[in-house]
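Quick caveat: nothing in here was measured; it's all calculated off a predicted structure. Any value given below was found using the heavy atoms of this structure, including those in side chains, with hydrogens, waters and symmetry copies removed. In listed order, ligands and their atoms are each counted from 1.
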Amino acid sequence: MSKSLQAIRGMNDILPEQTPLWRYFEGTVARLLDNYGYKQIRMPIVEFTELFKRSIGEVTDIVEKEMYTFEDRNGDSLTLRPEGTAACVRAVLEHGITGGGQVQKLWYIGPMFRHERPQKGRYRQFHQIGLEVFNLDGPDIDAELIIMTWRLWGELGIRDAVKLELNSLGTSESRGRYREALVEYLSAHHDKLDEDSQRRLKTNPLRVLDTKNADTQAVLVDAPKMADYLDDESRAHFEGLKARLDAVGIPYVLNPKLVRGLDYYSKTVFEWVTDKLGAQGTVCAGGRYDGLVEQMGGKPTPGVGFAMGIERLVLMLETLEQIPEEISRQVDVYLCAFGEAAELAGLALAERVRDQLPNLRLQVNAGAGSFKSQFKKADKSGALYALILGDDEMAQQVVGFKPLRGQGEQQSIAWDALAAHLATCVVQG
Ligand code: ATP
Ligand code: MG
């Protein structure tokens, strides 16, 4: 196929054989969030470029080099959203739903776009489930977010393969004092820093902590630690969070170098990381952003949230072989009919059964075919049972009921009794 007719590099089709696992994952998360009282919000995929510049920060990887930005036909600069928080904050402000201290517990799901180097677990269109809570400023809600994800890993069977890393960036005052100390220290070692870090030292010094460069990492060993600069308020918040995680029994490691890529975080930051996916090890990341809403023109409004990468989590389920058996079977019953009269009777019968068993996954053979070919299709569909309608069955107004997975002999069931019979042998979701 010519290149111009292929998908864009780093933007993937999710094929029918993969979608059951995606839907299982998304369904599990959605149910869990419902149960904790979170409500879904849906934002547009495109926003004004200015929104991301203002919220994410000009001196971040995303805004500097990863955004898909283009001019609209009327000259506006628009950007495909690289993350969800900015749009979510814009939406709650625009609709006034966080005004007067109203608490909002929101989640969203959808594609995000970043022009990164595509590799395993890193794509240019990827998908996130994100969650934002507004107007709660205590460590209890930070803990709830982490507790929910911990439960999710348990339900998915991947809890043993992830680790929680935790840090506090403090209030903006304490972060300011820390930044000064860090800049002073790093400036004294300027020559030993890699080029990127030298640049960041001027623009966004905390990001130097995030470096992958070994020489810079060596310099950082003796650098001042954020923990020593936390003010009482930040310290109490962090202790409150840790006490709650301890109470529930969630293990964590403190990582003083965890600063997150975005500018807007304060106090709590966390990442769930795994060593099962190679270099792309963070599956879920988030933190508190008490200053963001105000920075975007709203009243001071505390906020906290996280986002998880669906591709990486689906990859983990595959890697750890945590794929529930029932999700790969998509047909319960397959109806084969031979001859025109049987086909018509079969159609009507199938609709009657569907009326009575709306959750039954019943596939009616299409394309006619011989006994042998229809039977082959029934088997290949993965169905547990085949229903057979031929001349004999038509004459007696019955249907042949044949177990396909080796549980018993074929029997005849009267048309009127079919739905009741199916209800006893097929577990319906
Ligand atoms: P990373 O350090 O891996 O680049 P990030 O800090 O840029 O991640 P966030 O902006 O916090 O990521 O996004 C939250 C989650 O979304 C990440 O933990 C990851 O699981 C997922 N994610 C981020 N970028 C990508 C991408 N390009 N492809 C696939 N998943 C991604
Ligand atoms: Mg990134």
**Message:** Please report whether ligand 1 has a polar contact with Gln128, defined as an N or O pair separated by less than 3.5 Å (distance criterion only).
**Reply:** yes
**Message:** If we set the cut-off at 4.0 Å for heavy atoms, which region of Ile62 has an atom near ligand 1: side chain, backbone, both, or neither?
**Reply:** neither
**Request:** Answer whether the closest heavy-atom distance between the side chains of Asp246 and Tyr252 falls below 4.5 Å.
**Result:** yes
**Asked** About how many Å separate CD1 of Ile97 and NE2 of His95, when rounded to the nearest 0.5 Å?
**Response** 7.5 Å
**Request:** Report the member of Gln125, Glu116, Met308, Glu311 with the shortest heavy-atom distance to atom 27 (N) of ligand 1.
**Result:** Glu116
**Complete:** Here the atoms of ligand 1 under 4.0 Å from any heavy atom belonging to Ala285 are 11 (O)
**Contact atoms of ligand 1, heavy-atom distance to Thr282 under 4.0 Å** = 17 (C), 18 (O), 19 (C), 20 (O)
**Item:** Residues Glu351, Arg354: salt bridge by 4.0 Å N-O rule
**Value:** yes
**Asked** Does a side chain donor of either Tyr24 or Glu326 reach within less than 3.5 Å of an acceptor in the other side chain?
**Response** no
**Atom indices of ligand 1, in the order listed, that fall short of 4.0 Å to a heavy atom of Gly121** = 28 (N), 29 (C), 30 (N)
**Prompt:** Do any pairs count as a ring pair (Phe, Tyr, Trp, His ring centres under 6.0 Å) and have a residue in residues 119-176, sequence neighbours left out, and if so which ones?
**Reply:** Trp22-His127, Trp153-Trp272
**Residue from Leu360, Val333, Leu335 passing side-chain contact (heavy atoms from CB on, under 4.5 Å) with Val353** = Leu360
**Asked** Nearest to atom 7 (O) of ligand 1 by heavy atom, His115, Arg114, Arg122: which?
**Response** Arg114
**Prompt:** Just which atoms of ligand 1 are under 4.0 Å from any heavy atom in Val283?
**Reply:** 18 (O), 20 (O)
